[in-house]
Amino acid sequence: TTAAISWTLYLLATHPDIQDKVYEELENIFENSDRSPSMKDLSEMKYLERVTKETLRLYPSVPFIVRKLREDVEVDGYILPRSIEVSMVPYYAHRLPEYFPEPDKFNPDNFLPERVAARHPYAYIPFSAGPR
């Protein structure tokens with residue numbers, strides 16, 4: 001959590017235009033109030049959610065994922081036999097240009113609903129995915 005917050009703050013500090021949009025969203029929700037956020041408030045923070053997801057895309061908390069294959073799997077014409085362990089590195093998967101144009105650019109619009117719907121569900125896996 002600390003690393004994710006630190007990266008988010010760094011990215012906001014280096015992208016003042018995006019920081020301004022987050023600030024505007026929060027001002028619209030809180031209207032100069034100093035009250036604590038409610039669950040309703042959190043559900044309205046759509047842009048901040050996209051910023052957080054984009055941060056985790058660029059700097060995922062999980063460095064690699066390992067799974068043991070339960071059955072043979074074919075990948076690009078090669079057979080990976082059941083019972084072997086395979087590793088996946090989210091840092092690289094999150095930078096595949098077919099899923100994330102300009103993959104090294106901080107762009108919260110990568111998580112607009114229409115872009116998420118058009119992408120493979122496992123193209124973004126900041127905390128791992130699938131059976132363990």
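Residue numbers start at 1 and run along the sequence shown.
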Practice prompt. Check whether any side-chain heavy atom of Trp7 sits under 4.5 Å from a side-chain heavy atom of Leu56, and report yes or no.
Written response: no
Worksheet item: For the residue pair Pro90 and Ile65, what are the closest heavy atoms and their distance?
Response: CG-CD1, 3.8 Å
Discussion item. If you count heavy atoms of other groups shown closer than 6.0 angstrom to CD of Glu102, is the number above 12?
Written reply: no
Practice prompt. Establish whether Phe127 and Tyr124 are linked, either directly or via other cluster members, by ILVMFWY side-chain heavy-atom contacts under 4.5 Å.
Written response: yes
Fill in: Spatial distance of atom NZ (Lys53) from atom CG (Asn110) [nearest 0.5 Å]
12.0 Å
Item to complete: Is it possible for you to say whether Met39 and Met45 belong to one hydrophobic cluster, with membership spreading through side-chain heavy-atom contacts below 4.5 Å?
Response: yes
Discussion item. Using a 6.0 Å cut-off, check whether atom CG of Asp76 has over 12 heavy atoms from anything other than its own residue.
Written reply: no
Practice prompt. Could you grab the distance from atom CG of Leu9 to atom CD1 of Ile5, nearest 0.5 Å is fine?
Written response: 7.5 Å
Worksheet item: Say you draw a straight line from OG1 of Thr8 to CG of Leu48; how long is it, rounded to the nearest 0.5 Å?
Response: 8.0 Å
Practice prompt. Determine, for Phe111 and Arg115, whether the Lys NZ or Arg CZ falls below 6.0 Å from the six-membered ring centre while staying within 45 degrees of the axis.
Written response: no
Worksheet entry | Within-4.5 Å side-chain heavy-atom neighbours: Glu27 and Asn32 | yes
Item to complete: Compare every heavy atom of Leu12 with every heavy atom of Gln19, then report the nearest pair and how far apart it is.
Response: NE2-O, 3.0 Å
Fill in: Working for side chain to side chain contact (heavy atoms under 4.5 Å, CB included), residues Phe106 and Val51
CA-CA 9 Å; Phe106 178 56; Val51 165; 3.9 Å; yes
Response to the item:
Between Arg35 and Ile29, the two heavy atoms sitting closest are NH2-O, 3.4 Å
Discussion item. Is there a path of hydrophobic side-chain contacts, each under 4.5 Å between heavy atoms, that joins Val66 and Val89?
Written reply: yes
Practice prompt. May I ask you to say whether Lys21 pairs ionically with Glu25, meaning some side-chain N is under 4.0 Å from a carboxylate O?
Written response: no
Practice prompt. For Asp41 and Pro37, work out which heavy atoms get closest and say how close.
Written response: OD2-CA, 3.4 Å
Worksheet item: Quick one: CD on Glu44 to OG on Ser38, what's the gap to the nearest 0.5 Å?
Response: 7.5 Å
Worksheet item: In Å and rounded to the nearest 0.5 Å, what is the NE2 to CD distance from His94 to Glu54?
Response: 10.0 Å
Worksheet item: Which word best sums up how the rings of His120 and Tyr122 line up, parallel for under 30°, tilted for 30 to 60°, or perpendicular for over 60°?
Response: tilted
Item to complete: Specify the closest pair of heavy atoms between Arg95 and Arg57, including all atoms of both residues, with the distance to one decimal.
Response: NH1-O, 3.8 Å
Worksheet item: Side chains of Pro108 and Thr52: closer than 4.5 Å at any heavy-atom pair?
Response: no
Item to complete: Any chance you could measure Asn107, atom CG, to Arg50, atom CZ, to the nearest 0.5 Å?
Response: 8.5 Å
Discussion item. Taking CZ in Phe30 as the centre, count heavy atoms belonging to other residues, nucleotides or ligands within less than 6.0 Å. Is the count above 12?
Written reply: yes
Practice prompt. Spell out, yes or no, whether Val75 and Ile84 are grouped together once hydrophobic residues are joined by side-chain heavy atoms under 4.5 Å, including indirect joins.
Written response: yes
Discussion item. With a 4.5 Å cut-off on side-chain heavy atoms, are Ser128 and Arg67 touching?
Written reply: yes
Worksheet item: Are Arg119 and Phe100 side-chain neighbours, meaning at least one heavy-atom pair lies under 4.5 Å?
Response: yes
Discussion item. Would you say Ile125 ends up clustered with Val62 if hydrophobic residues are merged whenever their side chains have heavy atoms under 4.5 Å apart, either directly or through other cluster members?
Written reply: yes
Worksheet item: So, do Ile18 and Tyr47 sit near enough that their side-chain heavy atoms are less than 4.5 Å apart?
Response: yes
